[in-house]
Enquirer: 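One structure is given below, represented as structure tokens, and several questions about it will come after.
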Amino acid sequence: MKNNLSHSKAAAIFNQDEKRVDWHDETLWFVREKRDKATFQIPEWEVLRETASQIKNNVLSNISNYLIEFEENAFKNGIIVHWAADGAEHNKIVHSIMEKHGVKQMVKSKSMLTEECHLNEFLTKNGIDVIDTDLGERIVQLRNEPPSHIVLPAIHLKKADVSETFHEFLGTEKGNNDPQYLTEAARIHLRDKFLTRKVALTGVNFAIAETGEIVVCTNEGNADMGVHLADVHIASMGFEKIIPQRKHLGVFLRLLARSATGQPITTFSSHFKKPREGKEMHIVIVDNGRTTQLGRPDFRNSLKCIRCGACMNTCPVYRRSGGHSYHTAIAGPIGSILAPNLDMGKNADLPFASTLCGSCTNVCPVKIDIHDQLYKWRQVLVKAGYAPTVKTISMQGMSAVLSNSSVFEFAGKAGRFFIKNVPFMVNNGLNAWYKQREMPAPPEESFREWYKKNGKEFKEKNDE
């Protein structure tokens with residue numbers, strides 16, 4: 001179920017449960033700490049980051065050539081390649097493949113692109129039964145929720161939540177929160193789906209232009225299980241997933257898992273180069289706004305993203321507002337850059353859901369300048385007229401105050417007076433700033449007033 005609330009309103013709902021917010025915050029920070037420990041074990045970590053960033057620069061500058069090379073080599077391997085301009089075309093292509101084979105059921109591995117395209121909803125409306133086989137994805141699918149994290153889709157849920165969900169949909173023992181018991185129940189539930197579905201869909205982590213193959217990285221092996229038991233393999237791929245040569249893959253594999261979960265490498269890094277004998281393999285290459293982003297000089301670097309989720313794990317806003325507050329397929333800092341490109345008006349609030357602390361940029365394995373892009377998006381959105389009216393008026397008022405020294409001095413005195421003598425004029429329900437903050441003690445005088453009295457003496461002491 002999609003969230004249509006603004007980020008601030010959705011975050012306010014999430015923040016009503018303070019214990020859950022604290023737990024969510026601490027859990028993601030634990031993942032961030034694992035990332036740090038894993039990266040500190042590699043002396044050449046920064047060299048890897050720079051290398052990956054430069055490879056991606058090369059890809060983005062020559063994307064048309066690499067896509068053509070990839071298509072040609074994939075075709076030689078016996079793969080059927082489709083091109084989709086947007087999410088709607090992607091969904092129709094997937095549906096047409098299923099119609100061709102007369103199939104009404106599908107197993108699906110984790111794919112953020114299909115979330116972006118709203119594939120599940122489209123197929124369900126067209127009579128297709130879609131089963132997400134990643135454990136976290138299956139949990140949120142049963143709950144009719146979108147994933148809240150690109151790597152940890154059910155990170156917003158506790159064991160008790162999963163137990164309750166499985167009791168309702170899988171008939172497990174009520175109140176049994178044992179992770180092993182719940183995992184075994186999911187395994188039994190999914191086994192029949194793997195054995196009976198004739199079409200399996202996966203995402204694509206990397207697509208190698210040199211060989212025409214794709215690489216899918218998972219920890220559960222569900223992508224492999226689905227593909228190897230199905231007659232038809234469909235792979236959904238954003239065109240930015242291209243890397244030039246197979247030798248470059250080692251750079252990204254060393255970066256991906258360490259950045260995502262603190263692992264040296266994902267449990268399964270599976271190569272799919274051609275269909276098995278008598279079977280079919282399709283790759284759907286999707287644009288869906290990526291060309292537009294590529295043409296924006298300030299934002300094209302966002303297409304380097306390898307979907308590790310490190311920026312989410314470190315972001316103080318994401319950790320305390322929850323992934324569902326971002327009302328878009330990809331949450332967190334990177335999602336706040338990608339979403340306005342698709343729809344400025346609908347996603348204008350997201351670049352403002354940041355402290356601009358720069359931690360996201362510091363942990364990004366491919367050196368995307370995330371916090372700089374968030375700041376630049378704010379400028380673009382305000383100039384385009386997408387800033388809230390209240391904020392626009394407030395900024396105009398602040399501009400008038402700050403541009404006139406006499407007005408500024410008067411405003412400072414008035415502010416100190418009201419905070420000291422009638423605090424309820426400032427600290428009330430109309431001022432969102434104070435909802436989760438304590439009222440500061442008002443200073444006796446401003447710095448300018450203090451400096452007029454003491455500046456000369458202070459300067460003489462320092463000169464000595």
Enquirer: Looking only at heavy atoms, which two atoms of Ser321 and Ala11 are closest? And how far apart?
Expert: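 Scanning both residues, the minimum pair turns out to be CB-CB, 3.6 Å.
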
Enquirer: Using the benzene-type ring in the case of Trp, are the ring centres of His233 and Phe272 under 6.0 Å apart?
Expert: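 Aromatic pair counts; centres sit under 6.0 Å.
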
Enquirer: Heavy-atom count check: over 12 atoms from other residues, nucleotides or ligands less than 6.0 Å from Arg276 CZ?
Expert: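 Result for CZ/Arg276: enclosed.
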
Enquirer: Is any NZ, NE, NH1 or NH2 atom of the basic residue among Asp178 and Lys159 found under 4.0 Å from an Asp or Glu carboxylate oxygen of the other?
Expert: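 Judged by the 4.0 Å cut-off on N to carboxylate O distance, Asp178 and Lys159 do not form a salt bridge.
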
Enquirer: Minimum heavy-atom separation for Val366 to Phe252, with atom names?
Expert: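 Looking at all heavy atoms of both residues, the closest pair is CG1-CE2, 4.1 Å.
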
Enquirer: Taking all atoms of both residues into account, what is the closest heavy-atom pair of Asn313 and His149, and its distance?
Expert: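 Shortest heavy-atom separation between Asn313 and His149 comes out as OD1-NE2, 2.8 Å.
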
Enquirer: Just by distance, with hydrogens left out, do Ser270 and Asp224 show a side-chain donor and acceptor under 3.5 Å apart?
Expert: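 Yes, a side-chain donor-acceptor pair sits under 3.5 Å.
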
Enquirer: Answer with yes or no whether the side chains of Asn341 and Arg296 bring together a donor and an acceptor at under 3.5 Å.
Expert: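 Short answer, yes.
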
Enquirer: Thinking salt bridges, do Arg290 and Glu240 make one under a 4.0 Å N-O criterion?
Expert: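 Looking at Glu240 together with Arg290, the answer is yes, because their closest N to O distance falls below 4.0 Å.
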
Enquirer: Do Ser163 and Asn177 get their side chains close enough for a donor-acceptor pair, meaning under 3.5 Å?
Expert: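 Result is yes, a qualifying pair exists.
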
Enquirer: Is Lys241 close enough and on-axis enough to Phe70, meaning under 6.0 Å and within 45°, for cation-pi?
Expert: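 Verdict for Phe70: no cation-pi partner in Lys241.
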
Enquirer: Is Glu220 reaching over with its side chain to a backbone N or O of Thr267, donor-acceptor style, under 3.5 angstrom?
Expert: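 Pair absent, no side-chain N/O of Glu220 close to backbone of Thr267.
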
Enquirer: Keeping the roles fixed (side chain from Asp17, backbone from Arg20), state whether a donor-acceptor pair exists under 3.5 Å.
Expert: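 Here the side-chain-to-backbone pair exists.
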
Enquirer: Does a donor on one side chain and an acceptor on the other come within less than 3.5 Å for Glu50 and Gln54?
Expert: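 Their side chains do contain a donor-acceptor pair, which is all the 3.5 Å distance test asks for.
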
Enquirer: If we ignore angles and hydrogens, is there a donor and acceptor under 3.5 Å between the side chains of Arg246 and Thr211?
Expert: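 Note: Arg246 and Thr211 side chains miss the donor-acceptor criterion.
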
Enquirer: Would you mind checking if Arg49 and Glu44 are paired as a salt bridge, meaning a charged N to carboxylate O distance below 4.0 Å?
Expert: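 A salt bridge is absent here (no side-chain N lies under 4.0 Å from a carboxylate O).
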
Enquirer: Which distance, rounded to the nearest 0.5 Å, do you find between the CG of Asn77 and the NZ of Lys273?
Expert: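 Asn77 CG to Lys273 NZ: 5.5 Å, rounded to 0.5 Å.
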
Enquirer: Under a plain distance cut-off of 3.5 Å, with no hydrogens placed, do His156 and Glu145 share a side-chain donor-acceptor pair?
Expert: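 Indeed, the side chains of Glu145 and His156 share at least one donor-acceptor pair under 3.5 Å.
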
Enquirer: With a 3.5 Å distance limit and no angle check, can you tell me whether Asn15 reaches the backbone of Arg320 through a side-chain donor-acceptor pair?
Expert: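 A pair under 3.5 Å: yes.
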
Enquirer: With distance as the sole criterion, is a donor-acceptor pair present between the side chains of Thr196 and Gln105 under 3.5 Å?
Expert: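 Gln105 and Thr196 do not have a side-chain donor-acceptor pair below 3.5 Å.
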
Enquirer: Is Asp132 paired with Arg138 through a side-chain N to carboxylate O contact shorter than 4.0 Å?
Expert: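 Salt bridge flag = no for Asp132 with Arg138.
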
Enquirer: Is the shortest side-chain heavy-atom distance between Lys104 and Asp129 below 4.5 Å?
Expert: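 With C-beta onward as the side chain, the pair stays apart.
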
Enquirer: Looking only at side chains, do Asn301 and Lys367 share a donor and an acceptor under 3.5 Å apart?
Expert: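 Not at all, the side chains of Asn301 and Lys367 share no donor-acceptor pair under 3.5 Å.
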
Enquirer: For the CG atom of Leu294 and the OG1 atom of Thr291, what is their distance to the nearest 0.5 Å?
Expert: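 It comes to 6.5 Å.
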
Enquirer: Please answer whether the main-chain N or O of Val21 pairs with a side-chain N or O of Asp25 as donor and acceptor at a distance below 3.5 Å.
Expert: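 No, Asp25 side chain to Val21 backbone: no donor-acceptor pair under 3.5 Å.
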
Enquirer: With a sphere of 6.0 Å drawn around CZ of Phe169, does it hold more than 12 non-hydrogen atoms of other residues, nucleotides or ligands?
Expert: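 Yes.
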
Enquirer: Decide if atom OH of Tyr375 counts as having more than 12 heavy atoms of other residues, nucleotides or ligands within a radius under 6.0 Å.
Expert: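 No, not enclosed.
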
Enquirer: Side-chain donor-acceptor pair under 3.5 Å between His371 and Ser354, yes or no?
Expert: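 No, Ser354 and His371 have no side-chain donor paired with an acceptor closer than 3.5 Å.
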
Enquirer: In terms of relative ring orientation, are His24 and Tyr318 parallel, tilted or perpendicular, with 30° and 60° separating the classes?
Expert: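 Geometry flag for Tyr318 against His24: tilted rings.
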
Enquirer: Consider only side-chain N and O atoms of Ser269 and Thr266, and report whether a donor and an acceptor are under 3.5 Å apart.
Expert: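 There is such a pair (donor and acceptor under 3.5 Å, judged by atom type) between the side chains of Ser269 and Thr266.
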
Enquirer: Backbone N or O of Ala331 within a donor-acceptor pair of the Thr328 side chain at under 3.5 Å?
Expert: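 Side chain of Thr328 to backbone of Ala331: no pair is present.
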
Enquirer: Mind checking ring-ring contact (aromatic ring centres under 6.0 Å, His included) for Phe194 and listing every partner two or more places apart, or none if nothing turns up?
Expert: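 None.
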
Enquirer: Has Arg258 got a side-chain atom pairing as donor or acceptor with Arg254's backbone, closer than 3.5 angstrom?
Expert: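 Pair found, side chain donor or acceptor close to backbone of Arg254.
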
Enquirer: Are side-chain N/O atoms of Thr218 and Lys110 paired as donor and acceptor at under 3.5 Å?
Expert: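 Side-chain D/A pair, Thr218 to Lys110: absent.
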
Enquirer: Classify the ring geometry of Phe299 against Trp377: parallel below 30°, tilted from 30° to 60°, perpendicular beyond 60°.
Expert: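 Ring orientation, 0 to 90° scale: parallel.
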
Enquirer: For the CD atom on Glu210, are there more than 12 heavy atoms of other groups (residues, nucleotides or ligands in this structure) within a distance under 6.0 Å?
Expert: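 Yes - once you tally the heavy atoms of other residues, nucleotides and ligands closer than 6.0 Å, there are more than 12.
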
Enquirer: Is there a donor in the side chain of Glu116 and an acceptor in the side chain of Asn288, or the other way round, less than 3.5 Å apart?
Expert: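 Present: a donor and an acceptor within the cut-off.
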
Enquirer: Indicate the atoms forming the closest heavy-atom contact of Ile150 with Cys308, along with that distance.
Expert: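 Heavy atoms only, the tightest pair is CD1-N, 4.2 Å.
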
Enquirer: Hey, does Val140 have a side-chain heavy atom less than 4.5 Å from the side chain of Pro146?
Expert: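 They are not in side-chain contact.
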
Enquirer: I'd like to know whether NZ of Lys158 has more than 12 heavy-atom contacts from other residues, nucleotides or ligands below 6.0 angstrom.
Expert: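 Counting other residues, nucleotides and ligands, NZ of Lys158 exceeds 12 neighbours.
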
Enquirer: Arg197 side chain to Ala230 main-chain N or O, any donor-acceptor pair under 3.5 Å?
Expert: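 Pair absent, no side-chain N/O of Arg197 close to backbone of Ala230.
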
Enquirer: Checking the side chain of Ser325 only, and the main-chain atoms of Ala10 only, is there a donor and an acceptor separated by less than 3.5 Å?
Expert: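 Not a single qualifying donor-acceptor pair exists.
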
Enquirer: How about CE on Met112, more than 12 heavy atoms from neighbouring residues, nucleotides or ligands closer than 6.0 Å, or not?
Expert: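 Yes, CE of Met112 has more than 12 neighbouring heavy atoms, counting only those of other groups under 6.0 Å.
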
Enquirer: Under the ring pair (Phe, Tyr, Trp, His ring centres under 6.0 Å) rule, what do His327 and His7 come out as? Steps first, then yes or no, please.
Expert: CA-CA 7 Å; His327 59 77; His7 179 271; 7.7 Å; no

Enquirer: Assess whether side-chain contact (heavy atoms from CB on, under 4.5 Å) is satisfied between Asp231 and Glu280, documenting all intermediate values.
Expert: CA-CA 6 Å; Asp231 294 333; Glu280 279 186 16; over 6 Å; no

Enquirer: Check Lys92 with Glu89, please: is the shortest side-chain N to carboxylate O separation under 4.0 Å?
Expert: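 No, no charged N to carboxylate O under 4.0 Å.
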
Enquirer: ring-ring contact (aromatic ring centres under 6.0 Å, His included) with Tyr66: which residues, sequence neighbours excluded?
Expert: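 Tyr66: no ring-ring contact (aromatic ring centres under 6.0 Å, His included) contacts found.
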
Enquirer: To check you understand the geometry: which heavy-atom pair defines the closest contact between Asn176 and Leu182, and what is its length?
Expert: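 Smallest interatomic distance, heavy atoms only, reads O-CD2, 3.6 Å.
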
Enquirer: Examine distances only and state if a side-chain atom of Arg307 and a backbone atom of Asn205 form a donor-acceptor pair shorter than 3.5 Å.
Expert: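 No, Arg307 side chain to Asn205 backbone: no donor-acceptor pair under 3.5 Å.
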
Enquirer: Atom CD1 of Ile370 and atom OG of Ser336: how far apart are they, to the nearest 0.5 Å?
Expert: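 The distance works out to 10.0 Å.
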
Enquirer: Between Asp343 (side chain only) and Lys346 (backbone N and O only), is there a donor and an acceptor less than 3.5 Å apart?
Expert: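 Present.
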
Enquirer: Can you tell me how far OG of Ser6 sits from CG of Asn347, rounded to the nearest 0.5 angstrom?
Expert: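 The CG atom of Asn347 sits 12.0 Å away from the OG atom of Ser6.
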
Enquirer: Which of parallel (below 30°), tilted (30 to 60°) and perpendicular (above 60°) describes His101 and His282?
Expert: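 Rings of His101 and His282: perpendicular, as their planes differ by over 60°.
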
Enquirer: Would Thr314 and Arg32 count as a side-chain hydrogen bond (donor to acceptor under 3.5 Å, both in side chains) here? Give the steps.
Expert: CA-CA 6 Å; Thr314 198; Arg32 160 68 205 268; 2.6 Å; yes

Enquirer: Going by distance alone, is a donor N or O of one side chain under 3.5 Å from an acceptor N or O of the other, for Asn73 and Glu213?
Expert: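 The criterion, which ignores hydrogens and geometry beyond distance, is not satisfied for Glu213 and Asn73.
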
Enquirer: Do Lys304 and Ser53 get their side chains close enough for a donor-acceptor pair, meaning under 3.5 Å?
Expert: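 Present: a donor and an acceptor within the cut-off.
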
Enquirer: Nearest 0.5 angstrom please: His82 NE2 to Ile93 CD1, how far?
Expert: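 These two atoms lie 6.5 Å from each other.
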
Enquirer: Compare every heavy atom of Pro333 with every heavy atom of Leu374, then report the nearest pair and how far apart it is.
Expert: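 Closest heavy-atom pair between Leu374 and Pro333: CD2-O, 3.9 Å.
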
Enquirer: Strictly below 4.0 Å, N to O, side chains only: are Arg143 and Asp161 in salt-bridge contact?
Expert: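 So Arg143 does not pair with Asp161 through a salt bridge.
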
Enquirer: To the closest 0.5 Å, what do you measure between NE2 (His95) and CD1 (Ile234)?
Expert: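 Interatomic distance, His95 NE2 to Ile234 CD1, rounded to 0.5 Å: 11.0 Å.
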
